[in-house]
Amino acid sequence: MPSYSVPEVAFVGRSNVGKSSLLNAISGLHKAIAVESKQPGRTQMMNQFLCGDADGDICIFTDLPGYGYAKIAKDIQQRISRFVNEYIRERGALKMTCLLVDARREPQAADVQMVEFLNEIGGNYVVVATKVDKLSPNEVDASMRRLQEAMHLPPEMPVRFSAVTGEGKRHPPV
């Protein structure tokens, strides 16, 4: 695994939660940096993107494989889960983990377990609720409350995000 002299930010979540869409939206580029797919489970390896500006390198965005996709073999699911957990636990340059959850779905056990894992290891993280553009304002509010309660999140989480409308793109850091 390559090492860099800049901090890393990891993006993790269930398959098809919108990690690639979020990465493309926040990259600031007019072209996609991450491949978006309608097929869950497509990303089965880690992808890293070096972010910088005219002054030099700023950070690395690390797109980790999605977890929880039922149509891939159990041994592959387990291998992905072990890899993701080991990466988050052991990667010294990792400064923040962004856990993406789908605002349209009920809180998932695997996502609650990821928050528990991040709390257990003392990792810096933010929970981002994606696809909020697909819900009415009342549905978004209800979803945020459910996620906050199920994951025992502080009041500033989850952050609402839409790759379509840009909501949450300029959210202040937590």
Side-chain angles (χ1 to χ4, degrees), residues 1-69 76 79-103 110-111 113-133 151 153-154 156-174:
M1 191 174 324
S3 285
Y4 302 96
S5 61
V6 293
E8 294 180 27
V9 179
F11 295 83
V12 65
R14 292 177 57 79
S15 295
N16 213 32
V17 75
K19 290 186 303 294
S20 296
S21 296
L22 181 140
L23 284 164
N24 289 333
I26 66 173
S27 75
L29 300 175
H30 297 290
K31 64 177 185 161
I33 63 169
V35 177
E36 297 176 28
S37 174
K38 299 275 187 224
Q39 178 184 0
R42 180 178 167 100
T43 304
Q44 294 185 10
M45 64 163 98
M46 176 180 77
N47 294 297
Q48 292 187 307
F49 307 95
L50 178 62
C51 304
D53 62 14
D55 294 328
D57 298 340
I58 298 171
C59 71
I60 300 290
F61 284 166
T62 302
D63 182 7
L64 292 170
Y67 54 81
Y69 183 55
I76 294 173
R79 189 172 67 230
I80 288 172
S81 180
R82 280 193 307 272
F83 171 79
V84 167
N85 287 354
E86 182 178 313
Y87 176 86
I88 291 171
R89 179 186 288 115
E90 304 295 331
R91 190 70 171 176
L94 182 63
K95 301 303 177 196
M96 174 66 73
T97 300
C98 297
L99 170 59
L100 278 59
V101 297
D102 189 333
D111 297 326
Q113 290 170 351
M114 180 58 75
V115 167
E116 290 170 351
F117 170 71
L118 290 164
N119 284 327
E120 176 185 308
I121 65 168
N124 290 325
Y125 69 93
V126 61
V127 176
V128 179
T130 62
K131 305 182 183 187
V132 296
D133 57 284
M151 297 179 171
L153 299 173
E156 65 273 9
M157 285 195 250
V159 174
R160 302 168 186 217
F161 185 80
S162 166
V164 173
T165 67
E167 180 177 354
K169 185 175 175 180
R170 298 203 183 275
H171 189 278
V174 282

Item checked: Exam field: side chain Ser162 to backbone Lys131, donor-acceptor pair closer than 3.5 Å -> no
Next item on the list: Working to the nearest 0.5 Å, report the span between CG of Leu94 and OH of Tyr125.
Entry: 14.0 Å
Item checked: Contacts of type side-chain contact (heavy atoms from CB on, under 4.5 Å), residue Glu116, not counting sequence neighbours -> Val112, Gln113
Next item on the list: Apply the test side-chain contact (heavy atoms from CB on, under 4.5 Å) to residues Asn85 and Met114: give CA-CA distance (whole Å), side-chain angles for both, the deciding distance (0.1 Å), then the verdict.
Entry: CA-CA 9 Å; Asn85 287 354; Met114 180 58 75; 3.8 Å; yes
Item checked: Asp133 side chain reached by Glu167 side chain, heavy atoms, under 4.5 Å -> no
Check: Are the side chain of Lys19 and the backbone of Asp63 linked by a donor-acceptor contact shorter than 3.5 Å?
Finding: no
Item checked: Nearest non-hydrogen partners of Gly168 and Phe161, listed with the distance -> C-CD1, 3.9 Å
Note to self: Would you compute the distance between atom OG of Ser5 and atom CD1 of Ile60 and round it to the nearest 0.5 angstrom?
What the structure shows: 8.5 Å
Next item on the list: Would you check if Leu64 and Thr97 make a side-chain contact, meaning some heavy-atom pair closer than 4.5 Å?
Entry: no
Note to self: Between Thr130 and Leu100 (side chain of the first, backbone of the second, donor and acceptor by atom type, cut-off under 3.5 Å), is there such a pair?
What the structure shows: no
Checklist line | Nearest atoms (heavy-atom pairs only) where Arg89 meets Phe117 | finding: NH2-CE1, 3.1 Å
Margin query: Could you go through Asn47 and Leu23, starting from their C-alpha distance and side-chain angles, then the distance that decides it, and tell me whether this counts as side-chain contact (heavy atoms from CB on, under 4.5 Å)?
Written below: CA-CA 11 Å; Asn47 294 297; Leu23 284 164; over 6 Å; no
Check: Which atoms form the tightest heavy-atom contact between Cys98 and Val9, and what is the distance?
Finding: SG-CG1, 3.9 Å
Next item on the list: List the atom of Tyr87, the atom of Ala10, and the distance in Å for their closest heavy-atom pair.
Entry: CE2-CB, 4.1 Å
Check: Can you name the nearest heavy-atom pair linking Leu99 to Val115, along with the distance?
Finding: CD2-CG2, 3.5 Å
Item checked: Nearest-0.5 Å distance, CE of residue Met96 to CG of residue Leu118 -> 10.5 Å
Note to self: Testing the basics here: between Ser15 and Gly66, what is the closest heavy-atom pair and its distance to 0.1 Å?
What the structure shows: OG-C, 3.7 Å
Note to self: Between Met46 and Thr62, is the side-chain contact (heavy atoms from CB on, under 4.5 Å) condition met? List the steps.
What the structure shows: CA-CA 7 Å; Met46 176 180 77; Thr62 302; 3.4 Å; yes
Notebook entry, point to check: Going through the checks in order, is the side-chain contact (heavy atoms from CB on, under 4.5 Å) test met by Met157 and Val126?
Noted result: CA-CA 7 Å; Met157 285 195 250; Val126 61; 4.0 Å; yes
